[in-house]
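Reminder, nothing fancy here: chain letters follow the sequence lines and each chain counts from 1.
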Protein chains: 2
Amino acid sequence: MDTEIANLLGALSLAVMDRIEHGAREVIGRGGETPAALVVIGYGEGMTNEKLRRILGLSHSGTVRLVDRLVSDQLVERRPGDDAREVALHLTPKGAATRKELMASRISAVASLLNVLSPTETKRLGTLIRDLLVRQDTSEMDRFTICRMCDDRVCTRCPLPTSKGKRAR
Amino acid sequence: MDTEIANLLGALSLAVMDRIEHGAREVIGRGGETPAALVVIGYGEGMTNEKLRRILGLSHSGTVRLVDRLVSDQLVERRPGDDAREVALHLTPKGAATRKELMASRISAVASLLNVLSPTETKRLGTLIRDLLVRQDTSEMDRFTICRMCDDRVCTRCPLPTSKGKRAR
DNA sequence: CCTAATTATGTGCGTAACGCATATATGCGT
DNA sequence: ACGCATATATGCGTTACGCACATAATTAGG
(Lines give C-alpha, C1' and ligand atoms only; values in the text may rest on other atoms or scores of the structure.)
Protein backbone atom coordinates (compact mmCIF):
# COMPACT_ATOMS: atom_id res chain seq x y z
CA MET A 1 0.00 0.00 0.00
CA ASP A 2 1.00 3.58 -0.59
CA THR A 3 -0.30 4.63 2.80
CA GLU A 4 2.22 2.34 4.44
CA ILE A 5 5.06 4.34 2.90
CA ALA A 6 3.38 7.58 3.91
CA ASN A 7 3.29 6.26 7.47
CA LEU A 8 7.00 5.41 7.34
CA LEU A 9 7.88 8.88 6.07
CA GLY A 10 5.74 10.36 8.83
CA ALA A 11 7.56 8.33 11.47
CA LEU A 12 10.96 9.24 10.06
CA SER A 13 10.05 12.91 9.90
CA LEU A 14 8.94 12.85 13.51
CA ALA A 15 12.20 11.22 14.58
CA VAL A 16 14.20 13.75 12.58
CA MET A 17 12.34 16.74 14.01
CA ASP A 18 12.55 15.41 17.56
CA ARG A 19 16.32 15.31 17.26
CA ILE A 20 16.57 18.67 15.53
CA GLU A 21 14.38 20.40 18.11
CA HIS A 22 16.22 18.79 21.00
CA GLY A 23 19.54 20.00 19.66
CA ALA A 24 18.19 23.48 18.93
CA ARG A 25 16.91 23.82 22.48
CA GLU A 26 20.33 22.91 23.82
CA VAL A 27 21.98 25.53 21.63
CA ILE A 28 19.70 28.52 22.20
CA GLY A 29 17.69 27.43 25.22
CA ARG A 30 14.42 28.24 23.48
CA GLY A 31 11.85 26.32 21.51
CA GLY A 32 8.97 26.93 19.13
CA GLU A 33 9.83 29.00 16.08
CA THR A 34 12.66 30.86 17.83
CA PRO A 35 15.53 28.84 16.33
CA ALA A 36 14.01 29.05 12.85
CA ALA A 37 13.68 32.82 13.28
CA LEU A 38 17.39 33.15 13.95
CA VAL A 39 18.21 31.14 10.84
CA VAL A 40 15.79 33.13 8.68
CA ILE A 41 17.05 36.49 9.91
CA GLY A 42 20.53 35.39 8.97
CA TYR A 43 19.65 34.72 5.34
CA GLY A 44 19.84 38.39 4.38
CA GLU A 45 20.09 41.85 5.78
CA GLY A 46 16.66 43.03 4.77
CA MET A 47 14.49 40.89 7.02
CA THR A 48 11.53 42.67 8.58
CA ASN A 49 9.08 41.67 11.22
CA GLU A 50 6.31 41.18 8.67
CA LYS A 51 8.29 38.96 6.28
CA LEU A 52 9.45 36.92 9.23
CA ARG A 53 5.86 36.54 10.37
CA ARG A 54 4.79 35.08 7.03
CA ILE A 55 7.73 32.72 6.80
CA LEU A 56 7.26 31.37 10.31
CA GLY A 57 3.47 31.23 10.06
CA LEU A 58 2.94 33.10 13.32
CA SER A 59 0.60 35.89 14.31
CA HIS A 60 1.91 39.41 14.24
CA SER A 61 2.14 39.80 17.98
CA GLY A 62 3.72 36.39 18.31
CA THR A 63 6.45 37.50 15.94
CA VAL A 64 7.04 40.78 17.78
CA ARG A 65 7.46 38.91 21.06
CA LEU A 66 9.70 36.34 19.43
CA VAL A 67 11.98 39.14 18.21
CA ASP A 68 11.79 40.66 21.71
CA ARG A 69 13.22 37.40 23.03
CA LEU A 70 16.00 37.34 20.43
CA VAL A 71 16.86 40.94 21.25
CA SER A 72 16.88 40.33 24.99
CA ASP A 73 19.15 37.33 24.37
CA GLN A 74 21.42 39.73 22.45
CA LEU A 75 21.22 37.66 19.29
CA VAL A 76 19.40 40.23 17.14
CA GLU A 77 19.32 44.00 16.80
CA ARG A 78 16.38 46.10 15.62
CA ARG A 79 17.54 48.85 13.27
CA PRO A 80 15.46 51.38 11.34
CA GLY A 81 14.48 50.06 7.90
CA ASP A 82 14.54 51.87 4.55
CA ASP A 83 10.81 52.29 4.85
CA ALA A 84 10.42 54.13 8.14
CA ARG A 85 7.59 51.80 9.14
CA GLU A 86 9.77 48.77 8.90
CA VAL A 87 12.20 47.37 11.40
CA ALA A 88 15.35 45.90 9.87
CA LEU A 89 16.47 42.83 11.80
CA HIS A 90 20.19 42.20 12.03
CA LEU A 91 22.17 39.46 13.74
CA THR A 92 24.65 40.52 16.36
CA PRO A 93 28.05 38.78 16.27
CA LYS A 94 26.75 36.53 19.04
CA GLY A 95 23.62 35.91 16.98
CA ALA A 96 25.62 34.93 13.92
CA ALA A 97 27.73 32.53 15.97
CA THR A 98 24.68 30.97 17.60
CA ARG A 99 23.04 30.61 14.22
CA LYS A 100 26.02 28.64 12.94
CA GLU A 101 25.90 26.38 15.98
CA LEU A 102 22.21 25.89 15.42
CA MET A 103 22.61 24.81 11.84
CA ALA A 104 25.56 22.57 12.61
CA SER A 105 23.55 20.92 15.37
CA ARG A 106 20.69 20.35 12.96
CA ILE A 107 22.87 18.78 10.28
CA SER A 108 24.55 16.50 12.79
CA ALA A 109 21.18 15.48 14.26
CA VAL A 110 19.93 14.40 10.85
CA ALA A 111 23.24 12.80 9.93
CA SER A 112 23.15 10.64 13.05
CA LEU A 113 19.99 9.00 11.72
CA LEU A 114 21.22 8.94 8.16
CA ASN A 115 24.64 7.42 8.67
CA VAL A 116 23.33 3.88 8.88
CA LEU A 117 22.90 3.95 5.12
CA SER A 118 25.72 3.12 2.72
CA PRO A 119 27.02 5.96 0.53
CA THR A 120 25.11 4.50 -2.42
CA GLU A 121 21.88 4.28 -0.49
CA THR A 122 22.34 7.78 0.88
CA LYS A 123 22.84 9.13 -2.60
CA ARG A 124 19.72 7.31 -3.82
CA LEU A 125 17.73 8.75 -0.94
CA GLY A 126 19.06 12.21 -1.70
CA THR A 127 17.99 11.93 -5.32
CA LEU A 128 14.50 10.83 -4.35
CA ILE A 129 14.04 13.61 -1.79
CA ARG A 130 15.33 16.12 -4.30
CA ASP A 131 12.84 14.87 -6.90
CA LEU A 132 10.07 14.97 -4.34
CA LEU A 133 10.85 18.55 -3.38
CA VAL A 134 11.43 19.84 -6.90
CA ARG A 135 7.94 18.75 -7.93
CA GLN A 136 6.10 20.44 -5.09
CA ASP A 137 3.81 23.28 -6.04
CA THR A 138 5.16 25.93 -3.72
CA SER A 139 4.77 29.69 -3.62
CA GLU A 140 7.75 31.90 -2.94
CA MET A 141 6.67 32.16 0.69
CA ASP A 142 6.18 28.38 1.00
CA ARG A 143 9.79 27.94 -0.07
CA PHE A 144 11.06 30.13 2.71
CA THR A 145 8.81 28.36 5.17
CA ILE A 146 10.09 24.91 4.21
CA CYS A 147 13.67 26.20 4.17
CA ARG A 148 13.39 28.11 7.43
CA MET A 149 15.90 25.86 9.15
CA CYS A 150 18.10 25.15 6.13
CA ASP A 151 21.84 25.58 6.26
CA ASP A 152 22.70 27.98 3.46
CA ARG A 153 26.35 26.98 3.61
CA VAL A 154 25.30 23.44 2.72
CA CYS A 155 22.22 23.85 0.53
CA THR A 156 23.84 25.34 -2.54
CA ARG A 157 21.26 24.11 -5.03
CA CYS A 158 17.83 24.25 -3.44
CA PRO A 159 15.43 21.99 -5.33
CA LEU A 160 12.30 23.95 -4.52
CA PRO A 161 10.76 25.66 -7.56
CA THR A 162 10.90 29.44 -7.62
CA SER A 163 7.94 30.62 -9.65
CA LYS A 164 5.62 27.75 -10.38
CA GLY A 165 1.91 27.54 -9.76
CA LYS A 166 0.85 29.61 -6.78
CA ARG A 167 2.14 33.11 -6.49
CA ALA A 168 3.45 34.71 -3.31
CA ARG A 169 1.02 37.21 -1.85
CA MET B 1 28.52 16.11 0.15
CA ASP B 2 26.70 14.01 2.65
CA THR B 3 25.64 17.04 4.64
CA GLU B 4 23.72 18.31 1.65
CA ILE B 5 21.50 15.24 1.76
CA ALA B 6 21.11 15.60 5.52
CA ASN B 7 19.93 19.14 4.90
CA LEU B 8 17.39 17.96 2.34
CA LEU B 9 16.03 15.33 4.72
CA GLY B 10 15.79 17.98 7.41
CA ALA B 11 13.82 20.28 5.12
CA LEU B 12 11.51 17.49 4.04
CA SER B 13 10.93 16.41 7.63
CA LEU B 14 10.04 19.95 8.61
CA ALA B 15 7.56 20.22 5.75
CA VAL B 16 6.03 16.87 6.67
CA MET B 17 5.67 17.75 10.36
CA ASP B 18 4.25 21.20 9.58
CA ARG B 19 1.48 19.56 7.61
CA ILE B 20 0.87 16.81 10.15
CA GLU B 21 0.66 19.26 13.05
CA HIS B 22 -1.59 21.61 11.15
CA GLY B 23 -4.01 18.79 10.38
CA ALA B 24 -3.88 17.45 13.93
CA ARG B 25 -4.75 20.86 15.34
CA GLU B 26 -7.75 21.04 13.06
CA VAL B 27 -8.94 17.63 14.20
CA ILE B 28 -8.53 17.93 17.97
CA GLY B 29 -8.04 21.66 18.43
CA ARG B 30 -4.92 21.10 20.51
CA GLY B 31 -1.20 21.04 19.85
CA GLY B 32 2.00 19.87 21.48
CA GLU B 33 2.06 16.21 22.42
CA THR B 34 -1.70 15.99 22.87
CA PRO B 35 -2.48 14.36 19.51
CA ALA B 36 0.36 11.86 19.98
CA ALA B 37 -1.00 11.03 23.44
CA LEU B 38 -4.37 10.12 22.00
CA VAL B 39 -2.74 7.83 19.45
CA VAL B 40 -0.52 6.18 22.05
CA ILE B 41 -3.36 5.60 24.50
CA GLY B 42 -5.24 3.87 21.71
CA TYR B 43 -2.50 1.29 21.09
CA GLY B 44 -3.54 -0.86 24.03
CA GLU B 45 -5.74 -0.95 27.06
CA GLY B 46 -2.98 -0.94 29.66
CA MET B 47 -1.56 2.54 29.18
CA THR B 48 -0.66 4.36 32.36
CA ASN B 49 0.33 7.92 33.06
CA GLU B 50 3.93 6.91 33.63
CA LYS B 51 4.37 4.88 30.44
CA LEU B 52 2.78 7.70 28.51
CA ARG B 53 5.19 10.14 30.10
CA ARG B 54 8.20 8.17 28.93
CA ILE B 55 6.89 7.71 25.40
CA LEU B 56 6.05 11.38 24.95
CA GLY B 57 9.20 12.60 26.65
CA LEU B 58 7.32 14.96 28.97
CA SER B 59 7.64 15.71 32.65
CA HIS B 60 5.30 13.95 35.02
CA SER B 61 3.16 16.96 35.75
CA GLY B 62 3.03 17.84 32.08
CA THR B 63 1.64 14.39 31.38
CA VAL B 64 -0.95 14.62 34.15
CA ARG B 65 -2.19 17.95 32.78
CA LEU B 66 -2.19 16.59 29.25
CA VAL B 67 -4.43 13.71 30.38
CA ASP B 68 -6.57 16.28 32.24
CA ARG B 69 -7.15 18.00 28.91
CA LEU B 70 -8.02 14.75 27.15
CA VAL B 71 -10.44 13.89 29.95
CA SER B 72 -12.08 17.31 29.89
CA ASP B 73 -12.46 16.94 26.12
CA GLN B 74 -14.18 13.60 26.82
CA LEU B 75 -11.69 11.69 24.72
CA VAL B 76 -10.15 9.64 27.52
CA GLU B 77 -11.32 8.05 30.79
CA ARG B 78 -9.21 7.43 33.87
CA ARG B 79 -10.00 4.03 35.36
CA PRO B 80 -8.37 2.29 38.30
CA GLY B 81 -5.41 0.17 37.22
CA ASP B 82 -4.50 -3.36 38.30
CA ASP B 83 -1.86 -1.85 40.52
CA ALA B 84 -3.83 0.52 42.73
CA ARG B 85 -1.21 3.21 42.24
CA GLU B 86 -1.70 3.22 38.52
CA VAL B 87 -4.33 4.95 36.46
CA ALA B 88 -5.51 2.96 33.44
CA LEU B 89 -6.21 5.25 30.51
CA HIS B 90 -9.00 4.26 28.16
CA LEU B 91 -10.38 5.94 25.06
CA THR B 92 -14.02 6.90 25.11
CA PRO B 93 -16.00 6.16 21.93
CA LYS B 94 -15.51 9.80 21.00
CA GLY B 95 -11.81 9.42 21.72
CA ALA B 96 -11.50 6.36 19.49
CA ALA B 97 -13.28 8.17 16.66
CA THR B 98 -11.10 11.27 17.03
CA ARG B 99 -8.02 9.10 17.07
CA LYS B 100 -9.00 7.57 13.73
CA GLU B 101 -9.57 11.02 12.25
CA LEU B 102 -6.20 12.09 13.56
CA MET B 103 -4.34 9.22 11.97
CA ALA B 104 -6.21 9.58 8.68
CA SER B 105 -5.38 13.28 8.62
CA ARG B 106 -1.73 12.47 9.22
CA ILE B 107 -1.55 9.91 6.42
CA SER B 108 -3.25 12.24 3.99
CA ALA B 109 -0.95 15.11 4.95
CA VAL B 110 2.13 13.02 4.18
CA ALA B 111 0.57 11.55 1.05
CA SER B 112 -0.10 15.03 -0.34
CA LEU B 113 3.65 15.62 -0.38
CA LEU B 114 4.47 12.12 -1.52
CA ASN B 115 2.10 11.82 -4.45
CA VAL B 116 4.36 13.73 -6.82
CA LEU B 117 6.53 10.63 -7.04
CA SER B 118 5.79 7.81 -9.45
CA PRO B 119 4.77 4.45 -7.97
CA THR B 120 8.26 3.12 -8.67
CA GLU B 121 9.96 6.07 -7.02
CA THR B 122 7.61 5.88 -4.06
CA LYS B 123 8.42 2.23 -3.59
CA ARG B 124 12.16 2.94 -3.80
CA LEU B 125 11.79 5.68 -1.20
CA GLY B 126 9.81 3.32 1.03
CA THR B 127 12.53 0.70 0.82
CA LEU B 128 15.22 3.22 1.72
CA ILE B 129 13.28 4.63 4.68
CA ARG B 130 12.57 1.11 5.86
CA ASP B 131 16.27 0.24 5.65
CA LEU B 132 17.16 3.45 7.46
CA LEU B 133 14.74 2.73 10.30
CA VAL B 134 15.52 -0.96 10.64
CA ARG B 135 19.18 -0.17 11.28
CA GLN B 136 18.60 2.36 14.02
CA ASP B 137 19.81 1.41 17.45
CA THR B 138 16.61 1.98 19.37
CA SER B 139 15.47 0.90 22.82
CA GLU B 140 11.96 -0.37 23.35
CA MET B 141 10.94 3.06 24.60
CA ASP B 142 12.59 4.82 21.63
CA ARG B 143 10.43 2.70 19.35
CA PHE B 144 7.23 3.86 20.99
CA THR B 145 8.48 7.43 20.89
CA ILE B 146 9.21 7.34 17.17
CA CYS B 147 5.94 5.50 16.53
CA ARG B 148 3.85 7.76 18.74
CA MET B 149 1.86 9.07 15.80
CA CYS B 150 1.87 5.89 13.70
CA ASP B 151 -1.29 4.48 12.24
CA ASP B 152 -1.47 0.91 13.51
CA ARG B 153 -4.05 0.01 10.87
CA VAL B 154 -1.48 0.88 8.23
CA CYS B 155 1.88 0.01 9.78
CA THR B 156 1.57 -3.75 9.87
CA ARG B 157 5.27 -4.49 9.71
CA CYS B 158 7.14 -1.91 11.74
CA PRO B 159 10.81 -1.83 10.73
CA LEU B 160 12.14 -0.66 14.09
CA PRO B 161 14.19 -3.33 15.89
CA THR B 162 12.71 -4.75 19.06
CA SER B 163 15.61 -5.77 21.25
CA LYS B 164 18.86 -4.50 19.85
CA GLY B 165 21.52 -2.46 21.58
CA LYS B 166 20.12 -0.24 24.30
CA ARG B 167 17.68 -1.73 26.70
CA ALA B 168 14.48 -0.08 27.87
CA ARG B 169 14.67 1.21 31.40
C1' DC C 1 -2.41 68.65 -1.53
C1' DC C 2 -5.47 66.53 1.53
C1' DT C 3 -7.94 62.58 3.01
C1' DA C 4 -8.77 57.56 3.18
C1' DA C 5 -7.17 53.07 2.82
C1' DT C 6 -3.20 50.14 3.44
C1' DT C 7 0.95 48.44 5.61
C1' DA C 8 4.14 47.69 9.47
C1' DT C 9 4.88 47.74 14.14
C1' DG C 10 3.89 47.73 19.13
C1' DT C 11 1.04 46.65 23.49
C1' DG C 12 -2.52 44.88 26.87
C1' DC C 13 -4.49 40.80 27.95
C1' DG C 14 -5.51 36.02 27.96
C1' DT C 15 -4.40 30.98 27.12
C1' DA C 16 -2.18 26.46 26.04
C1' DA C 17 1.36 23.55 27.07
C1' DC C 18 4.66 22.79 29.38
C1' DG C 19 8.59 22.16 33.89
C1' DC C 20 10.05 22.11 38.93
C1' DA C 21 9.23 21.18 43.59
C1' DT C 22 6.47 18.98 46.78
C1' DA C 23 2.86 15.95 48.76
C1' DT C 24 0.39 11.58 49.02
C1' DA C 25 -0.74 6.74 48.29
C1' DT C 26 0.50 2.14 47.07
C1' DG C 27 3.67 -1.78 46.54
C1' DC C 28 7.94 -4.32 47.64
C1' DG C 29 11.95 -6.06 50.08
C1' DT C 30 14.15 -7.30 54.29
C1' DA D 1 7.22 -3.22 60.72
C1' DC D 2 10.16 -0.15 58.53
C1' DG D 3 12.35 1.99 54.72
C1' DC D 4 12.56 2.69 49.82
C1' DA D 5 10.82 2.80 45.22
C1' DT D 6 6.95 3.72 42.17
C1' DA D 7 2.72 6.16 40.49
C1' DT D 8 -0.09 9.94 40.71
C1' DA D 9 -1.64 14.68 41.94
C1' DT D 10 -1.19 19.74 42.84
C1' DG D 11 0.72 24.54 43.59
C1' DC D 12 3.25 27.69 41.17
C1' DG D 13 5.89 29.72 37.60
C1' DT D 14 7.35 30.23 32.55
C1' DT D 15 7.44 30.04 27.50
C1' DA D 16 5.35 30.67 23.39
C1' DC D 17 1.94 31.74 21.45
C1' DG D 18 -3.12 34.37 19.65
C1' DC D 19 -6.72 38.19 19.61
C1' DA D 20 -8.05 42.88 19.79
C1' DC D 21 -6.65 47.34 19.63
C1' DA D 22 -3.64 51.45 19.05
C1' DT D 23 -0.12 54.09 16.51
C1' DA D 24 3.03 55.65 12.81
C1' DA D 25 4.27 55.74 7.94
C1' DT D 26 3.31 55.00 3.03
C1' DT D 27 0.29 54.91 -0.95
C1' DA D 28 -3.93 55.91 -3.75
C1' DG D 29 -7.67 58.87 -5.23
C1' DG D 30 -9.87 63.07 -6.08
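Minimum interatomic distance between B:L70 and B:A37 (heavy atoms only, all atoms of both residues): CD1-CB, 4.0 Å. Nearest approach of B:S112 to A:Q136, heavy atoms of both residues: O-OE1, 4.4 Å. The minimum heavy-atom distance between A:P161 and A:L133, with the atom names listed, is CD-O, 3.8 Å. Summarising the geometry of B:L125 relative to B:L114, their closest heavy-atom pair is CD2-CD1, 3.6 Å, with the distance given to 0.1 Å.
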Under the side-chain hydrogen bond (donor to acceptor under 3.5 Å, both in side chains) rule, what do A:T145 and A:D142 come out as? Steps first, then yes or no, please. CA-CA 5 Å; A:T145 298; A:D142 291 338; 5.3 Å; no
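Not a single donor-acceptor pair under 3.5 Å links the side chain of A:E86 to the backbone N or O of A:P80. Put simply, the side chain of A:T98 gets close to the backbone of A:K94: a donor and an acceptor are under 3.5 Å apart. The backbone N or O of B:L75 lies less than 3.5 Å from no partner atom in the side chain of B:D73, so there is not a single donor-acceptor pair. Between the side chain of B:N7 and the backbone N or O of A:V154, no donor-acceptor pair lies under 3.5 Å. The backbone N or O of B:R30 lies less than 3.5 Å from no partner atom in the side chain of B:T34, so there is not a single donor-acceptor pair. Distance alone, capped at 3.5 Å, is enough to place a donor-acceptor pair between the A:T92 side chain and the A:Q74 backbone.
The terminal axes of the helix from C:dC1-D:dG30 to C:dT30-D:dA1, fitted over 5 pairs per end, subtend an angle of 20° to the nearest 10°.
Each salt bridge (Lys or Arg N to Asp or Glu O under 4.0 Å) pair with one or both residues in residues 114-125 of chain B, not counting sequence neighbours, appears once here: A:R135-B:E121.
Between chain A and DNA chain D, the heavy-atom contact criterion of under 4.0 Å yields a 5' to 3' nucleotide range of D:dA16 to D:dT26.
Distance CG (B:L58) to P (C:dA17): 11 Å, rounded to an integer number of Å.
Inter-residue side-chain proximity for A:L160 and A:V134 is flagged as unmet; no heavy-atom pair is nearer than 4.5 Å. At a threshold of 4.5 Å between non-hydrogen side-chain atoms, the residues A:V39 and A:R148 do not count as touching.
Of all the residues in residues 31-49 of chain A, A:G31, A:G32, A:E33 reach under 4.0 Å from DNA chain D with at least one non-hydrogen atom. Scanning residues 61-83 of chain B for heavy-atom distances under 4.0 Å to DNA chain D yields B:S61, B:V64, B:R65, B:R78. Residues from residues 17-30 of chain B placing a heavy atom under 4.0 Å of any atom in DNA chain D do not occur.
Electrostatic pairing of B:R54 and B:E140 does not count as a salt bridge here, judged by no charged N lying under 4.0 Å from a carboxylate O.
Checking A:S59 against B:V87, the closest nucleotide of DNA chain D that is more toward the 5' end is the one next to B:V87.
A donor-acceptor contact under 3.5 Å links the side chain of A:H60 to the base of C:dG10.
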